[in-house]
Each structure stands twice: as C-alpha cells, then as structure tokens.
Amino acid sequence: MPDHHPRGARPTDPSDAPMFPLRTVVLGAFVPSLVFEIGIGAMLPIIAPTAVGLGADLALAGVLAALLPVGQIVADLPAGSLAARVGDRYAMILAGAVAALAFAGAAFAPGLATLAVAVLATGAASAVFNLARHSYLTEITPPLRRARVLSTLAGVHRIGQFLGPFVGALVIHGGDVRNAYLLGVVTAAAATLTLVLVPETARGERPAAGSLRARAAARRAARLAAGPGPTMGQVLREHRRVFTTLGAAVLLVGAVRGARQTVIPLWGEHLDLDPATTSLIFGLAGAVDMLLFYPAGKVMDRLGRLWIGVPSMIVLGAAMLALPFTDSVASMSVVAGLMGLGNGMSSGILMTLGSDVAPSSGRAQFLGMWRVLQDSGGALGPLIASAGAALGSLAAGIWVTGALGGAAAAALARWVPRWSVHANRTTRRRAGLLP
C-alpha cells in the first residue's frame, strides 16, 4: 500500500496534513479543467446535428457522437505512457493543443469522415488531459488532503460540462452551429495557455528561481537521471491483482454512474414528457450533483473512502430501482434528485482510490489502466439500460443498472480495505497513520 508514512511521522488527524500548493492546484489544474470542459460540454449536444447536416441518418449520427467516449477509452493506456515519458504538465499542454486543432477540424469538416476523426481526436485529447491532471495532483497533494482536491476537480469537471451547453447555445444563437466548435478552440487554447504560464511545483517543493525554460530543463534532466521507468506491460503484470479485484469495483461504479445520464432521458421519453420538461428534470439532478463535491471529499479525508463510496452507490442504485415506479413529473423529479444526490456524494471517489493505490514508479501508466476501467464502465452502463429498451422492457434495463449499484457498494466494501490504507479510520490506524 503506497501511502505509508515513515516511522515517527504519525499525524493525529487528517487535518494536520500540510496544505497543498494552492496556486499550483488552482491555476495548474482547476482553472484549465473548468475552461477545457466548457468546450467539451458545448460540443456534446451538437455532434449529432452536425453529422445530420453533413448527410448522416440518425443511426450514423449516434455512432459519430459515441466516438467521443470511444476516443477516451482507446487513448487511456497511451495517455499513461505519454505522461510518464514527457511529464504530466507537458502531456496536458500537448492534449490542449491537440484538442484545439480537433475542435477546429470539427468546425470546418467538409464531410463525415473528417468530423469522425475530429470527434475521435477530441476524445483522445480529453483522455490525455484527464489522466495527466489526475497523475499531477496525485504527486503534489498530501494523501490526507487528497480526496478534497480530487473531489473538487471532479466538481469542476461537472460544472464545466454543465455550463458548456448553455455557453454553446449562446454562441450559436442567431449564428452558425460551428460557433460552438470555435468556442471549443478558444477554451482549449485558453486552458493550454494557462498551463504554459503557471510554473510546475512538485510536492513539497518551493517554486524554483529562474526562467520557466531553466526549470523545465531541470525537470527533464531529473526524469532522465531516474531512468525510463517501468513499461505499461510491466505495470499491468505487477498490479494485475489490484485491477482484477478493486478494478472490478471501479468498473461497476463507472457503469452505475454512466447509466444515470441515460435512464432519465429514456424514462422521460417513456412517459411521453415534453423534451423541455425532461431537460429540466435532468438539470435538477445535475444541480444537486454539483452541490456535494467538497463535502464528499472532506468526509473521505476525515473518515475514509468507504464512508462515501458505499453510501453513494446504495443511494444511486436505490434511486434507479425506484425510477420505473414513477409516473409523473413530480415523482420523477424526486427520484432524479436522489440520483443527483448519490452521484454527487461519489464525486472524486474513483480518482481518489486510484491515487491511493497507484505506485510511485509507473504511476501514470497505472492510472491509465485505472481510467480504462472507469471509462469502460461509464460506456457499459448506458448500453445495459438501452439493451433493456431494445429487448422490450426499459424498466428491466433500469432495474439491472440499479442492482449494479448494490454490487458496486459490496465490491467497494470488500476490496477497498484490502488495497487502500485510507479505506476508513481502522485501516489508517493499522497503517500507523493514526494513534
């Protein structure tokens, strides 16, 4: 378990941990992430209409829209190798530059093939950006403040994607749909520029004197002196037991959380609700979701990861089980709010657990595989719910995803104490982190 403290260094309370480098975290991770995700959020609703405008039917338009998460999953493992090779911050800068080019390609795509490549490249750039910022914050944030930082990062991600469609609608209004893609160019470029201007700070390190170029050269020299590090294959082999046990819990959590974004619109359609009404209900769930990221992180830091992981999955799973019993706007709104509550409680839980168990050597490669499991679960959940509808029973599909919430809670309860010293106060005490 990676986060053991040296003998004699035993804080009596998680609050005693030293503060992370605030300027580096806010300007080096939170602000670029918020700006970057606004561009992604603006892009999401317009991929399918753009494809239809270029001659695709609805089925093909849906496939093109799905290329964004496909690009993320395909690029997760290469993202880990890239971040390990060039460093987390430089990987984020590279991803931002690629995303800006991909947004521009989507804006001016002459045909469906170009649009497909642009969407796939945007998903891949997003994977690199997300992986690198996760690895970066894992390095510079003390373990006993880690959950608050990573849950805030997850909250920033949610806020960005929540605001994105509204900002996109504003720039499209009275103009061309390509304006939303051009907004993405601006947000990706702004996120990249912020990363270039903010100096990198390693954990426990004061910002070095001298130019940015001198500091960058010193960090590259340090990486070269440390050697190439383990390969992706070596990391996967060495940590295969983590991936096949705790990784199964990650897959289940990702599936339940991913299904949440699909079951509300599908059930609204089943009830013949007006699309605007369904959107309002979905927005209500998103608003509740965004309120809880910092309290969730604080509980995880003070009491342990299980105090959030298990209850959040129970609440989210129970809300999904209840959804097919709703038959009105009011009842559906209540259940959607409960889904937002459960999902908001889980803010940052997977990133925090990944940081807890990631090795110091090969950290980026490890987190690349971790995100493969997380993103694959996020893609699997909606497919399960949609499969129920395709087989003639949407309710059955939703109930299956709800049952996965219980399975996810059980898997977390079983495997988190096995691999993370921060599962609860008991595991911390056994590890010597508490008296």
Side-chain angles (χ1 to χ4, degrees), residues 1-7 9-17 134 137-138 141-151 154 235-236 238-257 292 295-318 342-343 345-360 362-363 366-367 369-374 377 403-435:
M1 298 187 189
D3 285 334
H4 286 204
H5 283 214
R7 187 179 299 276
R10 295 170 57 181
T12 58
D13 188 271
S15 299
D16 295 336
H134 184 187
L137 290 179
T138 299
T141 307
L144 296 180
R145 291 190 180 272
R146 176 179 290 154
R148 270 168 282 188
V149 173
L150 292 177
S151 63
V235 171
L236 294 178
E238 184 176 351
H239 301 282
R240 62 183 180 278
R241 292 186 61 195
V242 180
F243 294 131
T244 56
T245 53
L246 185 56
V250 172
L251 190 71
L252 288 169
V253 172
V256 178
R257 287 165 48 164
L292 297 173
K298 190 166 185 178
V299 171
M300 282 192 281
D301 275 338
R302 294 190 64 85
L303 300 178
R305 315 319 188 202
L306 289 180
W307 284 83
I308 284 297
V310 171
S312 67
M313 289 299 101
I314 292 174
V315 171
L316 188 52
N343 199 60
M345 288 170 61
S346 71
S347 180
I349 180 65
L350 294 184
M351 286 194 293
T352 301
L353 287 173
S355 296
D356 286 347
V357 302
S360 56
R363 180 184 66 246
F366 181 97
L367 293 178
M369 184 60 196
W370 190 265
R371 296 197 72 90
V372 168
L373 295 169
Q374 179 178 336
L404 291 180
L412 289 171
R414 172 68 180 88
W415 296 113
V416 173
R418 169 69 178 83
W419 296 108
S420 174
V421 299
H422 302 293
N424 51 42
R425 294 182 69 86
T426 299
T427 54
R428 282 175 172 166
R429 190 172 293 110
R430 288 173 181 167
L433 302 179
L434 294 174

Minimum heavy-atom separation for Pro143 and His422, please, with both atom names. CB-NE2, 3.7 Å
Any side-chain heavy atom of Arg414 within less than 4.5 Å of one from Thr245? no
Would you check if Leu353 and Trp370 make a side-chain contact, meaning some heavy-atom pair closer than 4.5 Å? yes
Nearest 0.5 Å, please: how far is CE in Met345 from CG in Leu292? 8.0 Å
Ignoring hydrogens, what is the shortest heavy-atom contact between Val253 and Leu412? Give both atom names and the distance. CG2-CD1, 3.9 Å
Starting at CG of Leu367, measure out to NE2 of His134 and round the result to the nearest 0.5 Å. 5.0 Å
If you compare all heavy atoms of Leu373 against all heavy atoms of Val250, which two are closest, and at what distance to 0.1 Å? CB-CG1, 4.0 Å
Ala358 and Arg363 have their tightest heavy-atom pair at CB-CG, 4.0 Å
Any Asp356 side-chain heavy atom under 4.5 Å of Val421 side chain: no
Partners passing salt bridge (charged side-chain N to carboxylate O under 4.0 Å, His left out) against Arg371 (at least two apart in sequence or in another chain): none
In the structure I gave you, are the side-chain heavy atoms of Ile349 and Met313 within less than 4.5 Å of one another anywhere? no
Contact check, side chains of Arg430 and Arg425, non-hydrogen atoms, under 4.5 Å: no
Looking at side-chain heavy atoms only, is the closest gap between Leu303 and Asn424 below 4.5 Å? no
Given Ser312 and Ser346, is the side-chain hydrogen bond (donor to acceptor under 3.5 Å, both in side chains) satisfied, shown in steps? CA-CA 6 Å; Ser312 67; Ser346 71; 4.7 Å; no
Does the Ser420 side chain pair with the main chain of Val416, one donor and one acceptor, at a distance under 3.5 Å? no
Are Leu144 and Arg428 side-chain neighbours, meaning at least one heavy-atom pair lies under 4.5 Å? yes
With rounding to the nearest 0.5 Å, note down the distance linking CG in Leu433 to OG1 in Thr427. 8.0 Å
Can you tell me how far the OG atom of Ser355 sits from the CZ atom of Phe366, to the nearest 0.5 Å? 9.5 Å
Any idea which heavy atoms bring Pro359 and His239 closest together, and the distance? CG-NE2, 3.4 Å
Should Arg305 and Arg146 count as side-chain neighbours, where that means a heavy-atom distance under 4.5 Å? yes
Check this for me, if you would: do Arg145 and Asp301 make a salt bridge, where the nitrogen-to-carboxylate-oxygen distance has to be below 4.0 angstrom? no
I'd like to know whether Trp307 forms a side chain to side chain contact (heavy atoms under 4.5 Å, CB included) with Arg302, so could you lay out the CA-CA distance, the side-chain angles of the two residues, the decisive distance to 0.1 Å, and finally the verdict. CA-CA 10 Å; Trp307 284 83; Arg302 294 190 64 85; over 6 Å; no
For Leu350 against Gly254, the heavy-atom pair lying closest together: CD1-N, 4.3 Å
Determine, stepwise, if the pair Val235 / Met369 fulfils side chain to side chain contact (heavy atoms under 4.5 Å, CB included). CA-CA 9 Å; Val235 171; Met369 184 60 196; over 6 Å; no
Any donor and acceptor pair, going by atom type alone, linking the side chain of Ser151 with main-chain N or O of Arg148 inside 3.5 Å? yes
